[in-house]
Amino acid sequence: MTGDPTHDPAAETPAEMPDESTRQSARQGEVPTSDGSAPTATDSGTDSAGHRLSAALTIGNRVVVRYRLEEGSQARATDFVGELIARNDDFLIVDTKKERVKLIRADVIAAKDVPPPASRPGPAHERVSADDLETLMAKGWVATDRAGLGDWVLRYAGGFTGRANSALVVGDPSLPVDRAIDYVERWYAERDAPPLFQVHGERGFALEDVQAGAALLERGYVAGAGRPDWTRVLVLTGPSADVPPLTTESVPVTADAKLSPEWLMTYGRSRSVVPGATEAVLTGSDGQLFLSVRDEASGRIIGIARMAIHPGWAGIFGVWVDPEHRRRGIASTMVSAAAMVARENAMPAIYLQVSADNADGIAFWQGLGFGVHHEYTYLAQPTA
Ligand SMILES: CC(C)(COP(=O)(O)OP(=O)(O)OC[C@H]1O[C@@H](n2cnc3c(N)ncnc32)[C@H](O)[C@@H]1OP(=O)(O)O)[C@@H](O)C(=O)NCCC(=O)NCCS
């Protein structure tokens, strides 16, 4: 071990030290049953996904590690909290607030992934900072090609979605902002793609008030790139505990850890896809579930949603219901199923993103108790 212990009272008690096989199991997720009873495993060997999902110990995630101290120390053990940088059979490397520490695995008593820290008082879905939530959400929709620039995340996925093809402006890019923008422009040029930036702020924020936003506007970048759905996107959050439970009246919801061709085909009805990139992004998180509802008469899928699984958080993406079957509670039931999985897997908070121009979508989410956490805008060059 090197360095001093760093305590974080907000961190949870670490779970037992997981191994690689545990991580594989965590990816398989679990299935909510349509009658509201306890979830069951999708694959053999995944009996208690809740524990496993929260103990994946994933590189890039925030982790808490309970570590045995040397003989003669005042305390027997201490906790390290920070980003897991690397792991192998012998060591864990963790970036704590103070410094990078190398922890001998044999002295690790327990360890697990934990949610981003609280930046203010309040329930789990409110107390996270916008920067931390943005960083978490990027792990729920993972681009095929990624690079870090300080805290910024550069993402490319063949043009499939703004989220997976934009530079996420969070924290410090480790360069003066103008040089960071130059760097991003070159990065996208190398991929023959137009540079796109995702800039966030508090509800109703002005781009001019965000340093990168002001610098981009000065260069002639345009908010929304001519797309109304990109001008302002709301990040909504809510407590999984407050989503209405499934009832015996609820339509049956299936949840699958695997992306099926039929789910993907239905997804293609809701938006344009990029073969290859779409599948990679949809399946690129540490854990995800694909929810669907079928029409009783035809057997066809008529409602879909994707759930991304994080430590302490669930993300909901791509909720869509066939226009002929709307206003019958199908989307609400899928969200109830997702919330049930969240509750049973120690995920008290749920996030989602909805365009500010989607009045129907916003009405739907607000009806389920979700509120605006922050907002973001995509900025592109006028020619893009
Ligand atoms: C938004 C959407 C998923 C709702 O699906 P749905 O199955 O019709 O939703 P539900 O029947 O569960 O609606 C539950 C409640 O949400 C609200 N709601 C749903 N659609 C609404 C609409 N078009 N306008 C106003 N409120 C709406 C209502 O309060 C509704 O309850 P009610 O029907 O008793 O009034 C569906 O319209 C859709 O697929 N839209 C296109 C994709 C989209 O916008 N997805 C959400 C963005 S993330």
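Predicted, not measured: the structure shown is a model, and the values here were computed from it. Just follow the structure's listing: the first ligand is 1, and inside any ligand the first atom is 1.
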For ligand 1, find out whether one of its N or O atoms is nearer than 3.5 Å to an N or O atom of [X].
| X | value |
| --- | --- |
| Trp365 | no |
| Gly329 | yes |
| Trp320 | no |
| Gln353 | no |
| Asp360 | yes |
| Val321 | yes |

May I ask you to say whether [X] pairs ionically with [Y], meaning some side-chain N is under 4.0 Å from a carboxylate O?
| X | Y | result |
| --- | --- | --- |
| Asp90 | Arg105 | no |
| Arg219 | Asp182 | yes |
| Arg163 | Glu134 | no |
| Asp360 | Arg326 | no |
| Arg62 | Asp132 | no |

Would you say the ring centers of His310 and Tyr351 fall short of 6.0 Å from each other?
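His310 vs Tyr351: aromatic centres under 6.0 Å.
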If the contact criterion is a heavy-atom separation under 4.0 Å, does Leu352 count as touching ligand 1?
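Distance cut 4.0 Å: Leu352 fails for ligand 1.
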With heavy-atom distances below 4.0 Å as the criterion, list the atoms of ligand 1 near [X].
| X | value |
| --- | --- |
| Ser332 | 10 (P), 12 (O), 13 (O), 14 (C) |
| Phe364 | 9 (O), 12 (O), 13 (O), 14 (C), 16 (O), 17 (C) |
| Ala363 | 25 (C), 26 (N) |

So, [X] side chain and [Y] main chain: donor-acceptor pair closer than 3.5 Å or not?
| X | Y | result |
| --- | --- | --- |
| Asn165 | Phe160 | yes |
| Thr247 | Glu249 | yes |
| Ser250 | Leu246 | no |

Residue-level breakdown please: for Arg328 versus ligand 1, do any non-hydrogen atoms fall below 4.0 Å on the side chain, on the backbone, on both, or on neither?
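For Arg328, only backbone atoms sit under 4.0 Å from ligand 1.
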Where does Thr333 meet ligand 1, judged by heavy-atom distances below 4.0 Å: at the side chain, the backbone, both, or neither?
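Contact part for Thr333 vs ligand 1: neither.
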Testing the basics here: between Gly162 and Tyr378, what is the closest heavy-atom pair and its distance to 0.1 Å?
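Answer, listing the atom of Gly162 first, then Tyr378: C-OH, 3.4 Å.
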Heavy-atom pair with the smallest gap, counting every atom of Ser336 and Pro244
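Heavy atoms only, the tightest pair is OG-O, 2.7 Å.
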Could you find the nearest protein heavy atom to [atom] and give me its residue, atom name and distance?
| atom | result |
| --- | --- |
| atom 36 (C) of ligand 1 | Arg326 NE, 3.5 Å |
| atom 44 (O) of ligand 1 | Asn358 ND2, 2.7 Å |
| atom 35 (O) of ligand 1 | Arg327 NH2, 2.9 Å |

Is atom 29 (O) of ligand 1 less than 4.0 angstrom from some protein heavy atom?
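Under the 4.0 Å cut-off, atom 29 (O) of ligand 1 has no protein heavy-atom neighbours at all.
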Any protein heavy atom at under 4.0 Å, with atom 10 (P) of ligand 1 as the reference point?
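Yes; the ligand atom in question has protein heavy-atom contact below 4.0 Å.
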Return the option from Ala305, Ala331, Gly303 holding the heavy atom at the smallest distance from atom 5 (O) of ligand 1.
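Checking each option, the heavy atom nearest atom 5 (O) of ligand 1 is found in Ala331.
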Measuring from atom 46 (C) of ligand 1, which candidate in Val319, Val233, Leu368, Val293 has the nearest non-hydrogen atom?
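Ranked by closest heavy atom to atom 46 (C) of ligand 1, first place is Val319.
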Will you find, in the side chains of Gln198 and Arg155, an N or O donor that is under 3.5 Å from an N or O acceptor?
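Side-chain D/A pair, Gln198 to Arg155: present.
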